[in-house]
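Positions are given from 1, in the same order as the sequence printed here. Values below: every heavy atom of this structure, side chains too, minus hydrogens, waters and symmetry copies.
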Amino acid sequence: MGVAAGWRAAGGGTRGDMSADVERAAHAYCPRCHPDPRPGDVITALCGARHSYYGRRERPVNTCPACVTLASANVYACGHPGA
């Protein structure tokens, strides 16, 4: 994970549902596009997924594999400098 990228927990679904596990995965986000999200704010992850923000995870159980790759980019898709 790049130093600049933050990881946010996304909510949704029920336990045991494969799509819910993906929905609950921690996504990386651009800290310049989303400097201080509040619970319920919809944020866009580096991979393009949009989810309501439910808090920060220091050690996420699941991470989005696309976000892991995109977090190491020099420039994010939004145009802001990356890692």
Side-chain angles (χ1 to χ4, degrees):
M1 175 179 82
V3 174
W7 291 88
R8 302 288 172 158
T14 58
R15 184 174 283 271
D17 177 1
M18 179 73 145
S19 63
D21 291 340
V22 173
E23 296 263 328
R24 281 193 298 267
H27 291 276
Y29 69 100
C30 173
R32 292 195 181 172
C33 290
H34 307 287
D36 189 25
R38 299 188 187 281
D41 287 354
V42 176
I43 60 174
T44 302
L46 296 179
C47 69
R50 293 177 49 85
H51 295 285
S52 295
Y53 171 70
Y54 288 105
R56 185 175 188 89
R57 290 185 186 171
E58 294 303 319
R59 292 181 158 212
V61 176
N62 301 320
T63 55
C64 171
C67 283
V68 169
T69 301
L70 295 168
S72 63
N74 290 329
V75 177
Y76 297 142
C78 61
H80 289 120

*Residue list, side chain to side chain contact (heavy atoms under 4.5 Å, CB included) with Ala66, at least two apart or on another chain*: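 For Ala66 the side chain to side chain contact (heavy atoms under 4.5 Å, CB included) partners, ignoring immediate neighbours, are Cys47, Cys64.
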_My understanding is that only residues two or more places apart in sequence, or in another chain, count here; which of them pass side chain to side chain contact (heavy atoms under 4.5 Å, CB included) with Cys78?_
Cys30, Cys33, Tyr76, His80
_Partner set under side-chain hydrogen bond (donor to acceptor under 3.5 Å, both in side chains) for Arg50, not counting sequence neighbours_ = Thr44
*Where is the tightest heavy-atom contact between Val68 and Thr63, given as atom of each residue plus distance?*
CG2-OG1, 3.8 Å
